[in-house]
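What follows is a set of notes on a single structure, which appears directly below.
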Amino acid sequence: MQNPRDKPKMSSQLFSAVAPFLTIIIPSVFISPSVLAEKITYAELKRGDVITVNLDQLLPTQSVLAYDKEFSNLGRYAENLKFMYDDLCQVNGAKGIKKWTEDSLPTDMNSYQCIDKPGKHIDDLSTVIVGPEKGVLYLTNNHHILSTFWDMPNGGTSVPVVLKVEYNLLDSGDDFWPEMLNDKEVWLYDSKGKKIKSKDLPEYLGSKQLKHDKYLSLVYFLKGISYETSKPKNEIPFLELYWSQVLRKQMKISEYDLNIPDEYAMALTEAATVMVDLKSDAIIGKSNKTAKEMGQLSQVNTKALEALLTDSKSKWHYAMAYRLAKKEKTTPKSLLNDKKELPEESAKENDKAAPEEKEIKK
């Protein structure tokens, strides 16, 4: 595999496409009642019921995100809005996008047409648990894609989503959180890996509320490279989060500047090596499951890693393009100009160096 430092630079076309996508726009538009939250009597909801609500009605059951997973989505949407509508349709159990126009809005399900009727593919829906108080819905999966919908241009709090009720724990009182923990429906760790309490969970979705777990971003990119996931029916709850606990103990992400593609590539290479080098019977994080049970590969899939780092259409490239555009957009122009002058200033300083110092550098 070629050295990550020798990989091609970020596509300037992709970078340019992402830049305009950084401003979050929440339009003030009228949305017909049919695509807003349904009038729901929570006490009547039962396991398997399908409902439609807006994003601001959902409470997260974790406090962290892999920001680069969201950045990858936003980078794709910047290149082609069809990807956004396709994701909306898939998440809403409607298979994929069939038709959309420039006037379509993610906040209005009537403005675009999916291949199937929303809710048809029930296994593709996000899941919620009702309770313990009236009007409370706890999201138990898909935090990343729904946070993407929250943060994306023309998205926000009013994006409607179709959901499946997993359990109704209304009026469960003090038993609610112990039951959630027992059923592995909540992740009570913060972005630094420290334990938190249920009262510390964010009040809304989106990157302004959920914090970045950088180790989780590494794990996200390494699927198929150092581990594989099970089929949906045998899916292990919080698998990627458990792997992030291992990386947190085995490496220091602070040694890498993830805004520099070469350094991010090196971090991914180290993380992949850490994961495959574990003994197959090693317990992964707090999962009580072995590395083998958690999908560990026997060796790093170098071809897949190389493709991730070199393919301009890989999820990592989309994330990096968005990262770099975001960084440039938030960096004051004066600092950017200073950075552009640094190489020239550095050269001048080298010219002033003593002859013996230049000899040593040679």
Side-chain angles (χ1 to χ4, degrees), residues 40-51 53 55 57-66 69 91 93 119 121-147 161-191 193-205 209-211 213 216 219-220 223 227-246 283-295:
I40 302 167
T41 303
Y42 285 81
E44 296 177 357
L45 289 177
K46 60 184 182 298
R47 181 175 172 84
D49 281 349
V50 175
I51 59 176
V53 305
L55 290 180
Q57 293 179 256
L58 301 176
L59 292 176
T61 50
Q62 62 189 57
S63 67
V64 297
L65 289 176
K69 186 172 185 177
V91 168
H121 302 273
I122 295 180
D123 291 341
D124 293 337
L125 298 178
S126 305
T127 54
V128 292
I129 291 178
V130 183
E133 301 171 356
K134 291 182 179 180
V136 176
L137 294 174
Y138 283 96
L139 180 70
T140 57
N141 65 352
N142 286 346
H143 286 75
H144 286 87
I145 190 64
L146 296 190
S147 287
V161 288
V162 183
L163 310 164
K164 180 176 66 175
V165 176
E166 194 168 0
Y167 297 107
N168 190 331
L169 300 180
L170 187 63
D171 299 326
S172 57
D174 294 338
D175 293 331
F176 179 78
W177 287 112
E179 189 165 344
M180 291 283 282
L181 281 167
N182 183 66
D183 293 343
K184 297 186 183 301
E185 300 286 5
V186 60
W187 181 262
L188 294 179
Y189 293 90
D190 65 15
S191 59
K194 296 181 179 179
K195 283 188 175 182
I196 60 173
K197 296 182 179 180
S198 57
K199 65 181 180 65
D200 299 319
L201 288 169
E203 297 179 354
Y204 301 101
L205 294 169
Q209 287 276 320
L210 283 78
K211 305 304 179 184
D213 186 332
L216 185 58
V219 175
Y220 162 64
K223 179 180 177 181
Y227 76 100
E228 285 287 2
T229 57
S230 306
K231 294 181 179 180
K233 290 184 178 180
N234 301 316
E235 191 174 349
I236 298 173
F238 306 125
L239 184 143
E240 293 179 343
L241 285 159
Y242 285 129
W243 274 114
S244 72
Q245 289 182 325
V246 172
I283 300 300
I284 301 304
K286 305 289 184 180
S287 68
N288 293 323
K289 292 186 177 294
T290 66
K292 184 176 181 180
E293 292 174 315
M294 296 288 278

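Counting from 1, the numbers follow the sequence of the chain as shown. Because the structure is predicted, anything quoted here is derived from the model rather than measured.
- Side chain of N168 to main chain of Y42: a donor-acceptor pair is present (N/O by atom type, distance under 3.5 Å, no hydrogens or angles).
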Q.
Quick one, K223 with T229, criterion side-chain contact (heavy atoms from CB on, under 4.5 Å). Give me CA distance, side-chain angles, the key distance, then yes/no.
A. CA-CA 7 Å; K223 179 180 177 181; T229 57; 3.1 Å; yes
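- By the 4.5 Å heavy-atom criterion applied to side chains, L169 and P132 are not counted as neighbours.
- Atom CD1 of I284 sits about 13.5 Å away from atom NZ of K292, to the nearest 0.5 Å.
- With sequence neighbours excluded, the residues satisfying side-chain hydrogen bond (donor to acceptor under 3.5 Å, both in side chains) with S126 are N142.
- If you take OG on S63 and CG on L188, they are separated by 8.0 Å, rounding to the nearest 0.5 Å.
- Applying the side-chain hydrogen bond (donor to acceptor under 3.5 Å, both in side chains) rule to E228 yields no partners; only residues at least two apart in sequence or on another chain are considered.
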Side-chain polar contacts of residues 196-203 - donor-acceptor pairs under 3.5 angstrom, sequence neighbours left out - could you list them?
from, atom 1, to, atom 2, distance (Å)
D200, OD2, K197, N, 3.0

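- The structure places CG of L241 at 11.5 Å from OG of S287, a figure rounded to the nearest 0.5 Å.
- The backbone N or O of T61 sits less than 3.5 Å from a side-chain atom of H143, completing a donor-acceptor pair.
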Q. Checking side-chain contact (heavy atoms from CB on, under 4.5 Å) for the pair V246/V219: CA distance, chi angles, key distance, verdict?
A. CA-CA 10 Å; V246 172; V219 175; over 6 Å; no
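- For the pair L139/P60, no side-chain contact is recorded, criterion being any heavy-atom separation below 4.5 Å from C-beta on.
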Q.
For K195 and Y189: C-alpha separation, side-chain torsions, deciding distance, then whether side-chain contact (heavy atoms from CB on, under 4.5 Å) applies.
A. CA-CA 4 Å; K195 283 188 175 182; Y189 293 90; 3.5 Å; yes
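- Q245 contributes a side-chain N or O that, together with a main-chain N or O of K286, makes up a donor-acceptor pair within less than 3.5 Å.
- Between L55 and L146 the shortest heavy-atom distance is CD1-O, 3.7 Å.
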Q.
Assess the residue pair M294 and Y227 against the criterion (side-chain contact (heavy atoms from CB on, under 4.5 Å)); give the C-alpha distance rounded to whole Å, side-chain angles, the decisive distance to 0.1 Å, and a yes or no.
A. CA-CA 8 Å; M294 296 288 278; Y227 76 100; over 6 Å; no
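- For the pair E166 and I129, the minimum side-chain heavy-atom distance is below 4.5 Å.
- The salt bridge (Lys or Arg N to Asp or Glu O under 4.0 Å) test applied to D49 returns K46, not counting sequence neighbours.
- The minimum heavy-atom distance between K164 and D123, with the atom names listed, is NZ-OD1, 4.3 Å.
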Report all side-chain donor-acceptor pairs from residues 173-187 shorter than 3.5 Å, counting only partners two or more places apart or in another chain.
none

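- T290 is listed as a side-chain neighbour of I283, based on a closest heavy-atom distance under 4.5 Å.
- For H144, the side chain to side chain contact (heavy atoms under 4.5 Å, CB included) criterion is met by Q62, L65, A66, K69, L216, not counting sequence neighbours.
- For the pair L58 and L163, the minimum side-chain heavy-atom distance is below 4.5 Å.
- The shortest non-hydrogen separation linking D213 to S244 is OD2-OG, 4.0 Å.
- When side chains are defined from C-beta on, V162 does not count as touching I51, because their heavy atoms never get closer than 4.5 Å.
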